[in-house]
Engineer: 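Can you keep this structure in mind? I'll have questions shortly.
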There are 2 protein chains.
Amino acid sequence: MDRTDQSLIAIRRILRSTQTYGRELARAAGLTPVQIRVLQIVAETGAATPKDISQRMRVSPPTMTSLLDRLAAKGMVERQKSEVDRRQKNVVITRAGRDAVHRAPDPLQQRYVSQFESLQDWEQAMIVAALERVAAMLDATDFDAAPVLDSNLLDDGEGGTAG
Amino acid sequence: MDRTDQSLIAIRRILRSTQTYGRELARAAGLTPVQIRVLQIVAETGAATPKDISQRMRVSPPTMTSLLDRLAAKGMVERQKSEVDRRQKNVVITRAGRDAVHRAPDPLQQRYVSQFESLQDWEQAMIVAALERVAAMLDATDFDAAPVLDSNLLDDGEGGTAG
DNA sequence: TGATTTACTTAGTGACACTAATCAATACGG
DNA sequence: CCGTATTGATTAGTGTCACTAAGTAAATCA
């Protein structure tokens, strides 16, 4: 078992725990993980077109339509006609949507943050460096993987175009 | 933006790229990511009961039934009656299933391994240490998160109970 | 033996993902 | 300016994956 295998196993453990655990936690907020992700993106960008969101989430436009249908039915988002291009619609988050995102903080936070923050300073630094290295190796994509972080940043965090 | 946020962003980038990228890659093998995961577990354990697999994947028994139905319909697995308990069934992988797992190596491997292996030795060590730290923080579950690694290890890797 | 538990399946539902086709609005070329 | 092509969003239809509730068969226990 070499280091490559070790690192892969660790990554998979991370994936697995967040995925499965994320389902339970999101459901406690009455929303699915995917729905929360959409809300986060909408909240972060202020007003995005369906196409924007679908590209950001790597999902086809029809999928986004149905996701937005569900979120709109729950009163979490609204679709407004665009002024500049009447084919487009601007998706905006409602008060209820913003509240929901706040109530359903990211699954990662729940079990991770407190532990991370209790680490030594040098450990935190090492972990950040390593994670960013790994992310860079994996995330070699063209698109702007603007990090949807946590709901605390969403209210004022409009300019989240992490390039 | 403190270190906690940085680490969360990095983790999310990892999750996102592997999730979305994983879909495409798994489909190239004619199987979905979930199906591959089942096959990996079955291959790794030799013969597992549906219950075993469902618990391992954190999925309800009916879900596992339908997953196994699909895999059986494709000839990837077989359900054999258990000798010790006739309520149980032993799920075993077929030749075709093993081939499929081989053809569809983990998405992680594809973009990650070559880059990782080109790193300096000290960098590899640092990354492994950091990833395992993060995994331990996230993966605070009761069950044995036996790492399904890559298909190359499956043929002989029976004893993969990483506790 | 009869009641309970356990393992798996069936039935029914919902979320999420896709492709193909549709409709409205914009952009382009002559 | 007008017709065609392109673009943005939706509708229609399908398949996978997830769940709960209920059913069947076998094992266990009182």
Side-chain angles (χ1 to χ4, degrees), chain A residues 16 19-39 41-42 47-74 76-92 104, chain B residues 16 19-39 41-42 47-74 76-92 104:
Chain A
R16 197 160 296 186
Q19 280 177 9
T20 58
Y21 190 76
R23 272 209 305 273
E24 313 164 16
L25 211 129
R27 206 160 38 182
L31 295 170
T32 69
V34 183
Q35 288 172 350
I36 290 179
R37 227 165 99 194
V38 174
L39 283 183
I41 290 175
V42 174
T49 67
K51 172 153 201 168
D52 288 342
I53 313 172
S54 73
Q55 284 178 339
R56 196 110 155 215
M57 288 183 58
R58 297 281 212 219
V59 149
S60 71
T63 298
M64 189 48 57
T65 293
S66 87
L67 286 176
L68 292 175
D69 283 346
R70 269 188 279 272
L71 285 173
K74 294 183 182 199
M76 300 295 179
V77 301
E78 281 175 7
R79 282 184 258 214
Q80 299 173 345
K81 286 178 191 165
S82 167
E83 300 294 328
V84 294
D85 185 336
R86 283 182 304 177
R87 290 170 302 185
Q88 290 184 340
K89 306 216 169 148
N90 288 321
V91 180
V92 296
Chain B
R16 195 161 298 184
Q19 280 178 9
T20 58
Y21 190 76
R23 270 209 305 272
E24 313 165 16
L25 212 128
R27 208 159 38 182
L31 295 170
T32 69
V34 182
Q35 288 172 350
I36 289 179
R37 228 164 96 194
V38 174
L39 283 184
I41 290 174
V42 174
T49 67
K51 173 154 200 168
D52 288 342
I53 313 173
S54 72
Q55 284 178 339
R56 195 111 156 217
M57 288 183 58
R58 294 275 207 232
V59 149
S60 72
T63 300
M64 189 47 57
T65 293
S66 86
L67 287 177
L68 293 175
D69 283 347
R70 269 187 280 272
L71 285 173
K74 295 186 182 196
M76 300 296 179
V77 299
E78 281 174 7
R79 282 186 259 213
Q80 300 172 347
K81 287 177 190 166
S82 167
E83 301 295 329
V84 294
D85 185 337
R86 282 183 303 176
R87 293 171 301 182
Q88 290 184 340
K89 308 217 168 146
N90 288 320
V91 180
V92 296

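We use all heavy atoms of the structure for the numbers below, so side chains are in, but hydrogens, waters and symmetry mates are not. Lettering follows sequence order; numbering is per chain, from 1.
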Engineer: Strictly under 4.0 angstrom, non-hydrogen atoms only: write out the protein contact profile of nucleotides 25-30 of chain D, one letter per nucleotide from the 5' end, B, S or -.
Structural biologist: -BS---

Engineer: In terms of the nearest nucleotide of DNA chain C, which residue is placed more toward the 5' end: A:P33 or B:D52?
Structural biologist: B:D52

Engineer: A:Q88 CD to D:dT6 P: how many Å, rounded?
Structural biologist: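 From A:Q88 CD to D:dT6 P: 19 Å.
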
Engineer: From CZ of A:R79 over to P of D:dG8, roughly how many Å is that when rounded to an integer?
Structural biologist: 16 Å

Engineer: Roughly, in whole Å, what's the span from CE in B:M57 to C1' in D:dC17?
Structural biologist: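 Interatomic distance, CE of B:M57 to C1' of D:dC17: 10 Å.
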
Engineer: Measure the shortest side-chain to side-chain distance between B:P50 and B:V91 over non-hydrogen atoms and say whether it is less than 4.5 angstrom.
Structural biologist: yes

Engineer: For B:K74 and B:G30, indicate whether the former's side chain and the latter's backbone hold a donor-acceptor pair under 3.5 Å.
Structural biologist: yes

Engineer: Nucleotides 19-22 of chain D: which of its N/O atoms have a protein N/O under 3.5 Å away?
Structural biologist:
from	atom 1	to	atom 2	distance (Å)
D:dC19	OP2	B:S60	N	2.7
D:dC19	OP2	B:S60	OG	2.8
D:dC19	OP2	B:T63	OG1	2.9

Engineer: Indicate, with a heavy-atom threshold strictly under 4.0 Å, whether B:T49 touches base, sugar-phosphate, or nothing.
Structural biologist: sugar-phosphate

Engineer: What pairs with A:S66 under side chain to side chain donor-acceptor pair (under 3.5 Å), at least two apart in sequence or on another chain?
Structural biologist: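 Expected list: A:R70.
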
Engineer: Reading DNA chain C in the 5' to 3' direction, which nucleotide is the first one with an atom under 4.0 Å from a heavy atom of chain A, and which is the last?
Structural biologist: C:dA15 to C:dT26

Engineer: With the side chain counted from C-beta on, respond yes when A:M76 and A:V42 share a heavy-atom pair under 4.5 Å apart, and no when they do not.
Structural biologist: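 No - every pair of side-chain heavy atoms lies 4.5 Å or more apart.
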
Engineer: Want to settle it: does A:D69 or B:T32 sit nearer the 5' end of DNA chain D, counting the closest nucleotide to each?
Structural biologist: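 With A:D69 and B:T32 compared, the 5'-side residue is A:D69.
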
Engineer: Partners of B:T63 by side chain to side chain donor-acceptor pair (under 3.5 Å), sequence neighbours excluded?
Structural biologist: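 B:T63 satisfies side chain to side chain donor-acceptor pair (under 3.5 Å) with B:S60 only.
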
Engineer: Are any of B:R70's side-chain N or O atoms less than 4.0 Å away from OP1 or OP2 of D:dG15?
Structural biologist: no

Engineer: Using side-chain contact (heavy atoms from CB on, under 4.5 Å) as the criterion, list what pairs up with B:Q88, not counting sequence neighbours.
Structural biologist: B:T49, B:S82, B:V84, B:D85

